Novice: 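Quick one: this structure, given as structure tokens, is what I'll be asking you about.
On a predicted model such as this, the values are computed, not experimentally measured, just so you know. Atoms within each ligand, like the ligands themselves, are counted from 1 in listed order.
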Amino acid sequence: MSRMKRILLIGTGGTIASEMTEGGLTPELTTEQLLSQVPAISGICGVDCVQLLNLDSTNITPGHWQMMARCVQTRYEEYDGFVITHGTDTMAYTAAALSYLIQGSPKPIVLTGAQKPIGFDSTDSKVNLMDAFRCAAEDLPGVSIVFNSRVILGTRAKKTRSKSFQAFSSINYPDLGVLRDGVLLRYIRQECGTAPVFYDRLDTKVALLKLVPGVGRGLADYLLERNDALIIESFGVGGLPEDSGLYNCVRDAMSAGKTVVLTTQVENEGSDLGVYHVGHALKNELGVLEAYDMTTEAVVAKLMWILGQTRRREEVARLFYTPVAQDILWPAG
Ligand code: ASP
């Protein structure tokens, strides 16, 4: 008979662990209390619990991503897989960040949470928790989100619904699999190494600017003065308004050694900066980076990871366009 898998449950808070208080839903339940709500998990695997945090994920910071990665690293050899319970609001950022901080893991690192607390009569918490353990006990390498019976690659997840159970979508990449009647059906198997590579350093001075029609350069100037990188969510396949002064702002920032990435506000299909006159020179003369098919969440986390290691322009570009956990497929991969 095969040995029962051992999984580490790492609690960080979120709706799944929340209770109603006078001031609204607040994470209060411990990982042990969560586990006691789904006794059937003990039939799948042996579980140990760590209460790393108990936060609404609105309060999660890059420092917490590092704590989670270190928690997995220090216990990596002891367990066959990891389940991290987390609020849904910033789960996609955490999933992306952990994909850069823990690369090539042959063991599953599964994030899950819920739209309704585990103590509510109508809740998605129990099924999500059970499914997360099922996946963590399977051969599912790398970082993923298990939610509403779907398995989404950590670098491709985005929260696309604020209330209903289907909270996450996989952007520009298929789901890794689905759970049907408690059985994981895998569509894609992630590539992995024989051992993970852990990173610890992040440069958190990465800002994001969403353009609106008529925008000037003032806000971009402000953000670039205070940060090492600026991600500009522009329109369509990408470009900057020609009378806004933003082109000169980007040029000046790049000559001062800052990193600028152009991406799009459009959820699906990504950027293609060279297509229109409004983007062509940015790409071909200034050489700004572009996100192509990456999610904004992944761009934020990847830049923090890259700039934690280097500021050399060619090296930043090389690392940015080198796929990590299938985060960018077009055109580099
Ligand atoms: N505000 C909650 C959080 O992100 C929402 C949730 O978990 O669904 O922590």
Novice: Is the Lys NZ or Arg CZ of Arg226 less than 6.0 Å from the centre of Tyr222's six-membered ring, within 45° of the axis?
Specialist: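 The answer is yes; both the distance and angle limits are met.
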Novice: Has Glu19 got more than 12 heavy atoms of other residues, nucleotides or ligands less than 6.0 Å from its CD?
Specialist: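 Atom CD in Glu19 is crowded, with more than 12 foreign heavy atoms closer than 6.0 Å.
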Novice: Check each atom of ligand 1 against the heavy atoms of Thr15 and keep those under 4.0 Å away; list them by number with element.
Specialist: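 Answer for ligand 1: 2 (C), 5 (C), 6 (C), 7 (O), 8 (O).
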Novice: Taking only heavy atoms of Gln115 into account, list the atoms of ligand 1 that are under 4.0 Å away from them.
Specialist: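 Going through ligand 1 atom by atom, the ones under 4.0 Å from Gln115 are 8 (O).
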Novice: Which of the numbered atoms in ligand 1 are below 4.0 angstrom from a heavy atom of Gly14?
Specialist: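 Matching atoms, with element in brackets: 7 (O), 9 (O).
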Novice: Of the protein's non-hydrogen atoms, which lies at the shortest distance from atom 8 (O) of ligand 1, and what is that distance?
Specialist: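 Minimum-distance protein heavy atom for atom 8 (O) of ligand 1 reads Thr88 OG1, 2.5 Å.
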Novice: Once rounded to the nearest 0.5 Å, what's the spacing between atom CG of Leu111 and atom CD1 of Ile84?
Specialist: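 Leu111 CG to Ile84 CD1: 4.5 Å, rounded to 0.5 Å.
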Novice: Check the side chains of Thr21 and Thr26 for a donor-acceptor pair under 3.5 angstrom, ignoring hydrogens and angles.
Specialist: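 Indeed, the side chains of Thr26 and Thr21 share at least one donor-acceptor pair under 3.5 Å.
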Novice: Atom SG of Cys49 and atom CG of Leu34: how far apart are they, to the nearest 0.5 Å?
Specialist: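 Here the interatomic distance stands at 8.5 Å.
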Novice: Do Lys107 and Tyr76 meet the cation-pi criteria used here (NZ or CZ under 6.0 Å from the six-membered ring centre, within 45° of the axis)?
Specialist: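 Geometry flag: set, cation within 6.0 Å and 45°.
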Novice: If we count only N and O atoms by modelled type, under 3.5 Å, do the side chains of Tyr79 and Asp48 hold a donor and an acceptor together?
Specialist: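 Tyr79 vs Asp48: donor-acceptor pair found between side chains.
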Novice: Output yes when the distance from some N or O of ligand 1 to some N or O of Asp56 is under 3.5 Å, and no in every other case.
Specialist: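 N/O-N/O distance below 3.5 Å exists for this pair.
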Novice: Side chain or backbone of Ala114 under 4.0 Å from ligand 1, or both, or neither, by non-hydrogen atoms?
Specialist: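 The answer is the backbone of Ala114.
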Novice: Tell me, please, whether Phe320 has Lys302 positioned over its six-membered ring: NZ or CZ under 6.0 Å from the ring centre and within 45 degrees of its axis?
Specialist: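 That pair qualifies as a cation-pi contact.
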Novice: Is it the case that ligand 1 has an N or O less than 3.5 angstrom from some N or O of Thr58?
Specialist: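 For ligand 1, there is no N or O atom that lies under 3.5 Å from one belonging to Thr58.
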Novice: Does ligand 1 have an atom that lies less than 4.0 angstrom from a heavy atom of Pro27?
Specialist: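 Contact absent.
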Novice: Counting heavy atoms only, which of Ser57, Ser125, Ser162 comes nearest to atom 9 (O) of ligand 1?
Specialist: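 When every heavy atom of Ser57, Ser125, Ser162 is considered, Ser57 comes closest to atom 9 (O) of ligand 1.
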Novice: Less than 3.5 Å between some nitrogen or oxygen of His86 and one of ligand 1, yes or no?
Specialist: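 No, no N or O pair falls under 3.5 Å.
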Novice: For the 3.5 Å polar cut-off, considering only N or O atoms, please tell me whether Asp89 and ligand 1 meet it.
Specialist: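 Yes; the residue has a nitrogen or oxygen that sits under 3.5 Å from a nitrogen or oxygen of the ligand.
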